[in-house]
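Before any comments, here is the structure.
Numbers here simply count residues along the sequence, with the first being 1.
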Amino acid sequence: GIKLRHKDADMVDAIHRAALAFVPLVTAGPDAVSRVQLGRVLRGGAAEFWPTALIIAAAAVAQPRTLPPLDDSPNFAWPSAGDDLAADPAFASARGLRERVIADGLLGVWTLRPLITGADIKQ
């Protein structure tokens, strides 16, 4: 099996949890998602790895694709994956969400401390 440091395994887990949280946002589209919803997902634990989680979410929502059969001829070329993925609504939505994070000033929101903590409320 693969041996990872505990910290690495925790980060992989956080990325996958964030990807699951991004799925409904990718499905809804960037225009239907509020800044608060986006901020909550970003603060969920993936931290600076949120773009990875967003791509995983888009891949989970994207339409399944089939690859052409392998051809042994020397002239065989794989189809351009970039063009095909750019046309997929899930990846277009993910790109829009990424732009919203930047436009709404949410980069680094995972490092901010809450204004009021539970201890402050108890006092």
Side-chain angles (χ1 to χ4, degrees):
I2 297 175
K3 292 187 178 183
L4 297 174
R5 296 183 314 194
H6 187 1
K7 183 174 80 168
D8 293 339
D10 287 343
M11 185 50 60
V12 169
D13 181 54
I15 290 170
H16 283 92
R17 287 180 190 273
L20 289 174
F22 269 123
V23 165
L25 305 185
V26 169
T27 303
D31 296 331
V33 175
S34 73
R35 185 175 190 265
V36 172
Q37 289 173 307
L38 204 48
R40 283 184 180 154
V41 173
L42 291 172
R43 288 185 56 87
E48 66 270 7
F49 297 108
W50 69 268
T52 304
L54 185 58
I55 291 170
I56 291 170
V61 174
Q63 295 298 317
R65 290 178 169 53
T66 57
L67 294 175
L70 288 177
D71 185 354
D72 291 334
S73 70
N75 297 327
F76 178 75
W78 286 97
S80 175
D83 296 338
D84 190 32
L85 292 178
D88 192 292
F91 284 95
S93 176
R95 190 172 27 264
L97 287 169
R98 180 185 171 276
E99 291 168 3
R100 279 277 312 275
V101 168
I102 295 166
D104 288 351
L106 293 173
L107 287 176
V109 72
W110 51 88
T111 62
L112 300 176
R113 306 287 298 168
L115 296 175
I116 299 174
T117 64
D120 294 336
I121 293 172
K122 289 179 185 177
Q123 292 177 355

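Although no hydrogens or angles enter the test, the distance criterion places a donor-acceptor pair under 3.5 Å between the side chain of R35 and the main chain of D104.
Rounding to the nearest 0.5 Å places OG of S93 at 8.0 Å from CG of L54. With values rounded to the nearest 0.5 angstrom, I102 atom CD1 is found 11.5 Å from L97 atom CG. From I116, atom CD1 reaches atom CD of Q123 across 11.5 Å, with rounding to the nearest 0.5 Å. Taken to the nearest 0.5 Å, the CZ atom of R100 stands 16.0 Å off from the CZ atom of R95. Rounded to the nearest 0.5 angstrom, T52 OG1 and M11 CE are separated by 10.0 Å. The CZ atom of F22 sits 11.5 Å away from the CD1 atom of I15 when rounded to the nearest 0.5 Å.
Residues A58 and A94 approach most closely at CB-CB, 3.7 Å, considering heavy atoms. The shortest heavy-atom contact between A57 and V26 is CB-CG2, 4.2 Å. Residue A53 comes nearest to A18 through the heavy atom pair CB-CB, 3.7 Å, listed as atom of the first residue, atom of the second, then distance.
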Just do the side-chain contact (heavy atoms from CB on, under 4.5 Å) check on D8 and R5 with the steps written out, would you? CA-CA 5 Å; D8 293 339; R5 296 183 314 194; 3.3 Å; yes
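No chain of hydrophobic side-chain contacts below 4.5 Å, direct or via other Ile, Leu, Val, Met, Phe, Trp or Tyr residues, connects I56 to V61. V23 and V33 fall within a single hydrophobic cluster, where Ile, Leu, Val, Met, Phe, Trp and Tyr side chains are chained together by heavy-atom contacts under 4.5 Å. Hydrophobic clustering (side-chain heavy atoms under 4.5 Å, transitive across Ile, Leu, Val, Met, Phe, Trp, Tyr) groups V101 together with V41.
Ion pairing between K7 and D10 fails under the 4.0 Å rule for side-chain N and carboxylate O.
The number of heavy-atom neighbours closer than 6.0 Å to CZ of R17, taken from other residues, nucleotides and ligands shown, is 12 or below.
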Taking distance alone, no hydrogens or angles, what donor-acceptor pairs closer than 3.5 Å link side-chain atoms of residues 106-115 to residues at least two apart or in another chain?
{"unit_1": "T111", "atom_1": "OG1", "unit_2": "G108", "atom_2": "O", "d": "2.6"}

